[in-house]
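Worksheet: the structure to be examined is printed underneath.
All ligand and atom numbering here is 1-based and tracks the order in the structure. Heavy-atom basis, side chains included; hydrogens, waters and symmetry copies ignored.
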Amino acid sequence: MLRRVATRWHERAGVPVGPGDDMAVIEVGGARLLVAADPVIEGVHFEPGTHERRVAAKAVHRNCSDAAAMGAIPRATIMCVMLGQGCDQDAAERLLDALCDTADAAGCPSVGGDISVHDGPTTVAVTLIADPAGAEPVLRSRARAGDDLYVTGVLGGSMVDENGYIHHLDFSPRVAVGRALVEDASLRPNAMIDLSDGLARDLPRVLEASGGLGAEIELNRLPVREVVAGQDGWRRAIGDGEDYELLMSCSSAMPATIRGVRLTRIGRVVADGGLRYLTGDGRCFTEAELSGLGWEHGR
Ligand SMILES: Nc1ncnc2c1ncn2[C@@H]1O[C@H](COP(=O)(O)OP(=O)(O)OP(=O)(O)O)[C@@H](O)[C@H]1O
Ligand SMILES: Cc1ncc(C[n+]2csc(CCOP(=O)(O)O)c2C)c(N)n1
Ligand SMILES: [Mg+2]
């Protein structure tokens with residue numbers, strides 16, 4: 001389906017970046033704006049019965065995560081709220097209040113949208129508008145052979161309840177890190193993406209968009225969330241998805257932390273040989289061998 005979207009796209013004046021990146025870039029009145037939309041759907045992105053505050057946080061923050069991946073600042077949201085029949089008046093009010101509160105706190109107030117009722121699952125589709133604020137947006141299509149690959153934070157276990165914290169609902173989008181990366185030329189990555197479907201699915205998107213490059217991932221370097229660490233923790237780190245961390249491709253060495261967030265070098269980009277995952281004991285998995293890992297809708 002996404003290939004179809006890509007083949008339908010053609011260059012247009014006033015659209016420097018069309019479909020294919022974390023956000024599109026459009027020119028409006030001489031200024032550049034970034035735009036993207038991501039929904040949360042009951043039963044797909046959150047379990048029925050999840051508190052409205054958490055649903056709202058995820059709906060807003062996963063869009064802010066796309067802004068982080070471009071190095072942009074979230075400015076405004078438009079929310080289409082489709083209430084399922086299980087959602088009574090009180091629950092609907094809690095959800096709408098939480099959406100406004102979360103968006104305000106994230107600096108991207110809700111400036112419009114739509115509310116409807118249907119007999120499907122409760123769904124919130126958020127459109128985010130973001131500001132490049134004087135920095136060139138970082139694309140996913142500019143990785144180069146020889147770059148080092150880094151990730152923020154830890155990966156895997158996004159759905160595990162860790163004493164009340166469940167990462168896919170409760171994460172903080174890495175907007176401040178994204179900004180720090182574009183505001184200092186010595187830190188600016190060549191390419192960046194946020195990890196939503198798992199590194200095993202999102203890294204190939206960077207490599208493909210960058211002209212068909214390969215990569216070597218050192219599995220024993222992956223920063224694995226403690227609750228899923230262990231012998232095969234790396235499978236969880238590249239396959240669970242919804243890390244909402246940043247994956248970046250950099251030609252200069254990066255510091256150990258940025259804005260208090262850990263950065264880990266996990267491998268490098270290569271010209272040939274596809275995507276390969278190297279174990280500490282000399283084994284190697286190809287991308288095809290691990291193609292079952294990561295999230296794909298409808299699979
Ligand atoms: N229906 C659509 N029409 C036009 N473009 C689309 C459509 N669906 C997806 N795209 C574009 O395809 C690209 C990949 O979509 P995807 O939803 O995987 O975005 P992502 O940022 O990679 O992941 P996530 O949605 O988890 O943030 C994006 O640039 C998106 O804007
Ligand atoms: C109830 C429930 N079932 C499954 C999951 C896991 N999950 C859902 S969507 C997704 C990838 C990102 O979404 P998208 O590709 O739409 O950006 C993942 C890993 C969940 N969070 N809740
Ligand atoms: Mg994204």
Subset of ligand 2 atoms that lie under 4.0 Å from at least one heavy atom of Ser196
11 (C), 12 (C)
Return the residue, atom name and 0.1 Å-rounded distance of the protein heavy atom closest to atom 12 (C) of ligand 2.
Asp197 OD1, 3.2 Å
Any idea which protein heavy atom is nearest atom 8 (C) of ligand 2, and the distance to it?
Val44 O, 3.0 Å
Arg225 and Asp243 ion-paired at < 4.0 Å:
no
Run the side chain to side chain contact (heavy atoms under 4.5 Å, CB included) test on Lys58 and Val124 for me, step by step, so that the C-alpha distance in whole Å, both residues' side-chain angles and the decisive distance to 0.1 Å come before the verdict.
CA-CA 10 Å; Lys58 180 168 185 178; Val124 182; over 6 Å; no
Heteroatom test (N, O or S) for Asp22 near the Mg ion (ligand 3), limit 2.8 Å:
yes
Is ligand 2 less than 4.0 angstrom away from at least one heavy atom of Arg62?
yes
Could you pull out every N or O of ligand 1 that sits under 3.5 Å from a protein N or O, with the distance for each pair?
{"unit_1": "ligand 1", "atom_1": "21 (O)", "unit_2": "Asp22", "atom_2": "OD1", "d": "3.1"}
{"unit_1": "ligand 1", "atom_1": "21 (O)", "unit_2": "Asp66", "atom_2": "OD1", "d": "3.2"}
{"unit_1": "ligand 1", "atom_1": "21 (O)", "unit_2": "Arg140", "atom_2": "NH2", "d": "3.4"}
{"unit_1": "ligand 1", "atom_1": "22 (O)", "unit_2": "Arg140", "atom_2": "NH1", "d": "3.4"}
{"unit_1": "ligand 1", "atom_1": "22 (O)", "unit_2": "Arg140", "atom_2": "NH2", "d": "2.9"}
{"unit_1": "ligand 1", "atom_1": "25 (O)", "unit_2": "Asp38", "atom_2": "OD1", "d": "2.7"}
{"unit_1": "ligand 1", "atom_1": "25 (O)", "unit_2": "Asp38", "atom_2": "OD2", "d": "3.1"}
{"unit_1": "ligand 1", "atom_1": "26 (O)", "unit_2": "Ser196", "atom_2": "OG", "d": "2.6"}
{"unit_1": "ligand 1", "atom_1": "27 (O)", "unit_2": "Asp38", "atom_2": "OD2", "d": "2.9"}
{"unit_1": "ligand 1", "atom_1": "27 (O)", "unit_2": "Asp66", "atom_2": "OD1", "d": "3.1"}
{"unit_1": "ligand 1", "atom_1": "27 (O)", "unit_2": "Asp66", "atom_2": "OD2", "d": "3.0"}
{"unit_1": "ligand 1", "atom_1": "29 (O)", "unit_2": "Gly20", "atom_2": "N", "d": "2.6"}
{"unit_1": "ligand 1", "atom_1": "29 (O)", "unit_2": "Asp21", "atom_2": "N", "d": "3.1"}
{"unit_1": "ligand 1", "atom_1": "29 (O)", "unit_2": "Asp21", "atom_2": "O", "d": "2.6"}

Relative to the heavy atoms of Lys58, which atoms of ligand 2 are at a distance of less than 4.0 Å?
21 (N)
Separation between CG (Asp22) and CG (Leu128), nearest 0.5 Å, reads 11.5 Å
d(Glu42 CD, Thr122 OG1) to nearest 0.5 Å is 4.5 Å
So Trp295 and His297, would you call those rings parallel, tilted or perpendicular, with 30° and 60° as cut-offs?
perpendicular
Aromatic ring pairing His61/Phe171, orientation class (parallel under 30°, perpendicular over 60°, tilted between):
perpendicular
At under 4.0 Å between heavy atoms, which part of Glu296 makes contact with ligand 2: side chain, backbone, both or neither?
neither
Who's the nearest protein heavy-atom neighbour of atom 21 (N) of ligand 2, and how far?
Glu242 OE1, 2.6 Å
Got the closest protein heavy atom to atom 14 (P) of ligand 2, with its distance?
His297 NE2, 3.4 Å
Between CG of Leu139 and CE of Met23, what distance do you get to the nearest 0.5 Å?
12.5 Å
How does His45 reach ligand 2, if at all, at less than 4.0 Å between non-hydrogen atoms: by side chain, backbone, both, or neither?
both
Please determine if Arg205 and Asp197 form a salt bridge, counting it only when a charged side-chain N lies under 4.0 Å from a carboxylate O.
yes
What is the distance from atom CZ of Arg75 to atom CG of Asp131, rounded to the nearest 0.5 Å?
4.5 Å
Metal proximity, Asp66 vs the Mg ion (ligand 3), N/O/S cut-off 2.8 Å:
yes
Using distance alone, determine whether His168 and ligand 2 share an N or O pair under 3.5 Å.
yes
For Phe46, counting its heavy atoms only, list the atoms of ligand 2 lying under 4.0 Å from any of them.
1 (C), 22 (N)
Which atom name would you report as the N, O or S atom of Asp194 nearest the Mg ion (ligand 3)?
OD1
Taken to the nearest 0.5 Å, the spacing of Leu34 CG from Met70 CE works out to 5.0 Å
Below 4.0 angstrom, N of the basic side chain to O of the carboxylate: do Arg140 and Glu208 qualify?
no
Can you find a side-chain donor-acceptor pair between Asp281 and Thr279 that sits under 3.5 Å?
yes
Is Asp240 in contact with ligand 2, taking contact as a heavy-atom separation below 4.0 Å?
yes
Under 4.0 angstrom from ligand 2, any heavy atom of Arg201?
no
Quiz question: by atom type and distance under 3.5 Å, do the side chains of Thr50 and Glu47 form a donor-acceptor pair?
no
I need the Asp202 CG to Ile238 CD1 distance, nearest 0.5 Å.
11.5 Å
Under 4.0 Å to a heavy atom of Gly43 - the qualifying atoms of ligand 2, by number:
1 (C)
